[in-house]
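Whatever order the structure lists ligands and atoms in, that order sets their numbers, starting from 1.
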Amino acid sequence: MNKGKDKIMDLVKKRDPNETEFIQAIEEMLPSISKVLDNHPEFSEKSILERMIEPERIITFRVAWVDDKGEVQVNRGFRVQMNSAIGPYKGGLRFHPTVNLSILKFLAFEQIFKNALTNLPLGAGKGGADFDPKGRSDDEIMRFCYAFMQELFRHIGDFTDVPAGDIGVGSREIGYLFGMYKKLKNKFSGIITGKGEDWGGSVIRPEATGYGLIYFASYMLKAKDDTLKGKKCLVSGAGNVAQFAIEKIIDMGGIPISLSDSSGYIVDREGIDTEKLDFIKKLKNEKQGRIKDYAEKYPGSEYHETKDGQKFNPLWKVEADCVFPCATQNEINEKDAENLVSNNVTLLAEGANMPCGTKAISIIQDSRILYAPGKSTNSGGVAVSGLEMSQNRRGVYWDREEVDKHLKDIMKNIHDVCLKTAEEYGNPGNYLEGANIFSFLKVAKAMKDQGVV
Ligand code: NDP
């Protein structure tokens, strides 16, 4: 029997009442999935959904390390091994002071469906630590990564669990994590993705999430006989996803006009061009600078500080055609969504994971804005990670042209499958429903085939 979405929600809330982000992620999936469950009693009979919302394994561990002053610091490390029905656990590591189990479980839950959409054999996981890399020296970052891997190495492997980067974990951290794994295991294998190109990494992995997002958006526009050309684009964040989203927007003739970090945002109405983007890349990737420095360098732009406790984000009041939230979860609330609707925005495609709150999504979906969720639009990163795993296993390396072609094909396929599924289930144009239903069906069938484990 389909236990119904209310019963599932009661179960989650009873078991983990404080895990607000995890509860939010399940709440966002359930309306689409209950339609499927009505037609597939076999899933309910085998309690597929009840099993899907419970991680297969959670590892929490102490990360003790010594800072530059010689003082011992203690952080908490995590790995959530969420679902291995269609492949080894796969998902990034996040180093940020806000990291907790609720956030990692929501990310790991989203990862189940995102990875299934890529059509690659990838299960789902997520991990990280409540470590704040800001203001830490390179040596401190290295010692922290080493200490983190000294526990994590026991639980991962190229056919078991393959982490990658996320907020606070870029190519530098991946290098240190890989270096310690190799030393502990005396083995050079593809246990992490996002590696350097000279030591097992795939070309286009750093670019993949941002590029994939913009490819996806261009397919959404194409389905409406439209293009990105000349469109003003709001982008939030200034990290990996935001930088390469901006690069691809410029490439496709769009005009990116904003960026943000946790201190504030800039608006540059003249447009962020390639030279300005190079400045941002150096500022953020090499100097650990703040986005405020952009406004000092380019006086034609404006800088606004984000005030603590602000109920809405004034960035989303800026007039634009396309909107790409690429910073973090819940950066667009209902008030922000109302502002986007009154500004007649054409498209909102999520670069970050769950950047829109549940009420914001309803407001956006009730409007004329074309909307697609992160699990479909930001899957380019994990897709190229999957390609990196294939290359590592086969000992081959593909060039930029080949990887970019795979990335475009995968994003096109996800786009098309979301539209087709939404149409089949009576909700044409609803990318959220298409993404949820298609990916759920795929994982649910695999779980059913493998029995009760
Ligand atoms: P980065 O660490 O490279 O950049 C994150 C950016 O967002 C920074 O500019 C950061 O500002 C800002 N930010 C982070 N937290 C907050 C916050 N609480 N409030 C305001 N700003 C914040 O991360 P990524 O670009 O890799 O990731 C961005 C998003 O994309 C995340 O949601 C991630 O899960 C998602 N994602 C990333 C993928 C990848 O391949 N990297 C793949 C799929 C999804 P500051 O420096 O001030 O903290």
Side-chain angles (χ1 to χ4, degrees), residues 21 25 90-99 103-104 106-111 113-115 117-118 122 124 126-128 131-136 163-174 192-194 202 204-213 216 235-246 258-266 280-281 283-285 287-294 305-310 313 315 324-333 349-356 373-386 388 407 411:
E21 292 86 359
K90 179 89 196 94
L93 296 171
R94 179 176 289 192
F95 291 167
H96 196 270
T98 57
V99 162
I103 289 181
L104 294 180
F106 116 65
L107 289 164
F109 183 69
E110 290 274 296
Q111 200 85 41
F113 309 103
K114 180 190 311 201
N115 294 4
L117 282 166
T118 65
L122 303 170
K126 201 84 193 187
F131 167 70
D132 189 356
K134 272 199 208 97
R136 291 292 178 190
D166 190 76
I167 291 179
V169 179
S171 50
R172 172 181 61 166
E173 290 76 16
I174 297 285
I192 196 160
T193 55
S202 174
I204 313 210
R205 175 58 189 91
E207 296 90 334
T209 307
Y211 279 16
L213 167 69
F216 195 101
V235 178
S236 64
N240 173 271
V241 180
Q243 291 173 16
F244 289 107
I246 287 189
S258 72
L259 276 166
S260 69
D261 60 22
S262 51
S263 315
Y265 66 94
I266 59 106
I280 294 155
K281 285 184 182 170
L283 178 76
K284 285 291 175 185
N285 307 345
K287 299 185 192 155
Q288 324 301 330
R290 307 305 296 158
I291 202 65
K292 188 179 181 180
D293 302 344
Y294 180 99
E305 218 162 83
T306 310
K307 295 188 188 74
D308 253 6
Q310 213 149 24
N313 184 345
L315 169 61
F324 300 104
C326 295
T328 193
Q329 63 275 358
N330 290 324
E331 50 174 317
I332 296 184
N333 67 19
E350 296 182 345
N353 286 307
M354 208 168 76
C356 298
K375 58 174 81 84
S376 57
T377 48
N378 72 24
S379 49
V382 75
V384 174
S385 279
E388 182 171 326
L407 174 62
M411 298 316 293

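- Between Glu388 and Arg205 there is no salt bridge, since no side-chain nitrogen of the basic residue lies less than 4.0 Å from a carboxylate oxygen of the acidic one.
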Test side-chain hydrogen bond (donor to acceptor under 3.5 Å, both in side chains) on Ser263 and Glu305 and set out the steps.
CA-CA 6 Å; Ser263 315; Glu305 218 162 83; over 6 Å; no
Take Gln243 and Glu207 through the side chain to side chain contact (heavy atoms under 4.5 Å, CB included) test and state the conclusion after the steps.
CA-CA 8 Å; Gln243 291 173 16; Glu207 296 90 334; over 6 Å; no
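- Judged as a side-chain hydrogen bond (donor to acceptor under 3.5 Å, both in side chains), and not counting sequence neighbours, the contacts of Lys114 are Asn353, Asn378.
- Evaluation of the side-chain hydrogen bond (donor to acceptor under 3.5 Å, both in side chains) rule for Glu173 yields no partner, not counting sequence neighbours.
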Please tabulate protein-ligand N/O pairs under 3.5 Å for ligand 1, atom names and distances to 0.1 Å.
unit_1   : atom_1 : unit_2 : atom_2 : d
ligand 1 : 2 (O)  : Gly168 : N      : 3.1
ligand 1 : 3 (O)  : Asn240 : N      : 2.9
ligand 1 : 9 (O)  : Ala238 : N      : 3.0
ligand 1 : 11 (O) : Ser262 : N      : 3.4
ligand 1 : 25 (O) : Asn240 : N      : 3.2
ligand 1 : 25 (O) : Val241 : N      : 3.0
ligand 1 : 32 (O) : Asn353 : N      : 3.2
ligand 1 : 34 (O) : Arg94  : NH2    : 3.0
ligand 1 : 34 (O) : Asp166 : OD1    : 2.6
ligand 1 : 34 (O) : Asp166 : OD2    : 3.4
ligand 1 : 34 (O) : Asn353 : ND2    : 2.8
ligand 1 : 40 (O) : Arg205 : NH1    : 3.4
ligand 1 : 40 (O) : Arg205 : NH2    : 3.1
ligand 1 : 40 (O) : Thr209 : OG1    : 2.7
ligand 1 : 47 (O) : Ser262 : N      : 2.9
ligand 1 : 47 (O) : Ser262 : OG     : 2.4
ligand 1 : 47 (O) : Arg290 : NH1    : 3.3
ligand 1 : 47 (O) : Arg290 : NH2    : 2.7
ligand 1 : 48 (O) : Lys134 : NZ     : 3.0
ligand 1 : 48 (O) : Ser262 : OG     : 3.4

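- By the side-chain hydrogen bond (donor to acceptor under 3.5 Å, both in side chains) test, Asn330 is found to be paired with Gln24, residues two or more places apart in sequence or in another chain being considered.
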